[in-house]
There are 2 protein chains.
Amino acid sequence: MTTSLSRGPYKPGRIREQSRDLILQAAEAEFACHGFRGATMQRIAESAQVPKANIHYYFSNKLSLYGSVLENTLNLWDTVFNELSSHDEPADVLSRYIDAKINFSRTHPTASRLFAKEMISGAPHLSAYLQQDYRLWFKQRMSVFESWIAQGKMDNIDPAHVIFMIWASTQYYADFEPQILIATQTEQLTEQAFINAASSIKQIILKGCGIKY
Amino acid sequence: MTTSLSRGPYKPGRIREQSRDLILQAAEAEFACHGFRGATMQRIAESAQVPKANIHYYFSNKLSLYGSVLENTLNLWDTVFNELSSHDEPADVLSRYIDAKINFSRTHPTASRLFAKEMISGAPHLSAYLQQDYRLWFKQRMSVFESWIAQGKMDNIDPAHVIFMIWASTQYYADFEPQILIATQTEQLTEQAFINAASSIKQIILKGCGIKY
DNA sequence: GTCTATATTCTGATAGAC
DNA sequence: GTCTATCAGAATATAGAC
């Protein structure tokens with residue numbers, strides 16, 4: 001791991017950025033685990049190994065820290081979101097999307113959990129985000145499915161439920177990890193486990209929607 | 001709604017039970033929304049319309065109140081859990097189970113959310129429950145699927161992923177309600193919406209697993 | 001059994017030394 | 001820029017009147 005000393009000449013603001021990132025990382029884990037109200041600045045500070053007061057040096061208050069964490073998460077989220085955008089064959093598009101979603105659950109589980117916690121709480125801090133691009137994105141994706149149905153490339157199923165099913169199934173492996181670990185009697189979810197999950201989900205969704213592959 | 005006055009003769013402990021239930025109901029909503037740490041006794045008391053101190057008269061402390069709420073939730077949960085127990089045709093068994101699960105999401109959304117919040121937090125208060133009957137239940141259900149596969153009644157898919165997919169898809173309509181409302185541009189999920197969801201999920205799962213129906 | 005008042009601990013936020 | 005010390009308010013929990 002590189003430190004500020006090994007990176008060559010002094011660059012103003014580098015330490016500041018590093019501390020900020022450390023705090024954001026610790027905050028993400030804490031908020032994902034305990035929610036906005038349940039998380040404490042004390043625990044975030046301990047986890048980031050900075051004095052509690054320093055958090056207020058980088059972020060004006062708890063809500064603004066949470067907002068920054070959420071913003072980071074949503075940016076990551078959007079990247080995966082937009083994978084479902086091609087006009088290729090449905091089998092390819094959905095396979096790639098399911099792989100991308102499962103991969104996100106594997107590589108960014110806390111981001112997934114943070115988002116889930118927000119949703120379960122009624123999404124009080126997400127209204128702006130959800131009203132914005134999100135509705136448009138969903139409508140556009142819906143019409144892609146509808147054109148597939150019109151072309152006889154998939155069965156006549158309400159596309160909304162297909163999308164919800166893909167979201168639900170893929171996010172489950174991040175959000176409900178404890179349940180999966182106990183059910184499958186394993187200690188942790190390996191990369192192979194995620195690959196197997198994606199494979200099963202793809203098989204069921206594609207065949208279940210009558211998509212040829 | 002019947003009150004203690006309309007129920008006839010005095011019965012010792014009835015007022016006590018009613019207050020206890022009121023508090024439990026308010027606590028379930030509060031814990032489901034804000035998690036264990038995020039929920040406050042103050043807000044639970046206000047919501048249940050009792051003085052804050054009275055909660056401590058019925059429950060020794062916050063953790064024990066949470067335990068009681070969780071116990072109620074898990075009892076409800078188990079009822080639906082056991083619907084997947086028949087040795088009939090897979091199409092019937094899975095259809096009934098999916099209907100039961102979707103119905104639970106519709107009639108007990110807060111119970112679903114409470115359970116989800118616990119899971120996302122790492123299930124710190126569920127270890128006893130999950131270690132117990134749960135593992136056995138899951139193993140038994142897995143072997144039912146395996147016998148179906150052996151009899152050629154369904155495709156060769158890892159049963160664990162099928163079960164996770166059913167859980168994820170059905171619970172999604174309770175846990176991620178805000179997202180669904182915004183995506184579908186509706187104000188609330190009607191009973192018909194749940195019926196449609198169940199129908200789509202059944203269609204995809206059954207066909208996707210190669211189960212004849 | 002029920003409520004008011006209060007003890008005690010904790011949380012978010014700030015002041016000010018270095 | 002960083003940390004120690006500390007404040008005001010809120011949280012859990014209890015004591016004790018009625």
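Protein chains get the first letters and strands the later ones, always in sequence-line order, with residue 1 at the start of each. When reading the values below, keep in mind they use all heavy atoms of this one structure, side chains included, and skip hydrogens, waters and symmetry mates. Computed from a predicted model, the values in this text were never measured in an experiment.
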Spacing of A/R37 atom CZ relative to D/dG9 atom C1', expressed in whole Å: 15 Å
Protein-nucleotide distance (A/E46, atom CD; D/dC3, atom C1'), rounded to Å: 15 Å
Spacing of B/L22 atom CG relative to C/dT2 atom P, expressed in whole Å: 12 Å
Length of the CG-C1' vector between B/L63 and D/dA11, whole Å: 16 Å
Spacing of A/Y57 atom OH relative to D/dC3 atom C1', expressed in whole Å: 12 Å
Close aromatic pair by centroid cut-off 6.0 Å: B/H161 and A/Y173: yes
B/Q185 atom CD, neighbour heavy-atom count above 12 within 6.0 Å: yes
B/Q42 CD - C/dT11 P separation (whole Å): 17 Å
B/Q42 backbone acceptor or donor facing B/K52 side chain under 3.5 Å: no
Options C/dT2, D/dT14, C/dT14, nucleotide nearest the side-chain atoms of B/N54: C/dT2
Among D/dT2, C/dA13, D/dT12, the one nearest B/K52 by side-chain distance: D/dT12
Touch class at under 4.0 angstrom, heavy-atom based, for A/A45 against every strand present: nothing
B/F104-B/W77 aromatic ring centre distance below 6.0 Å: yes
Atom-to-atom span, CE of A/M41 to P of C/dG12 - whole angstrom: 6 Å
A/H56 side chain near C/dA13 phosphate (N/O to OP1/OP2, under 4.0 Å): yes
Sugar-phosphate, base or nothing in reach of A/Y58, heavy atoms under 4.0 Å: sugar-phosphate
Basic-acidic side-chain contact under 4.0 Å: A/K202, A/D99: yes
Gap between atoms OH and P, on A/Y66 and C/dG12 respectively (whole Å): 14 Å
Of the listed nucleotides D/dT12, D/dT14, C/dA15, the one nearest the side chain of B/A53: D/dT14
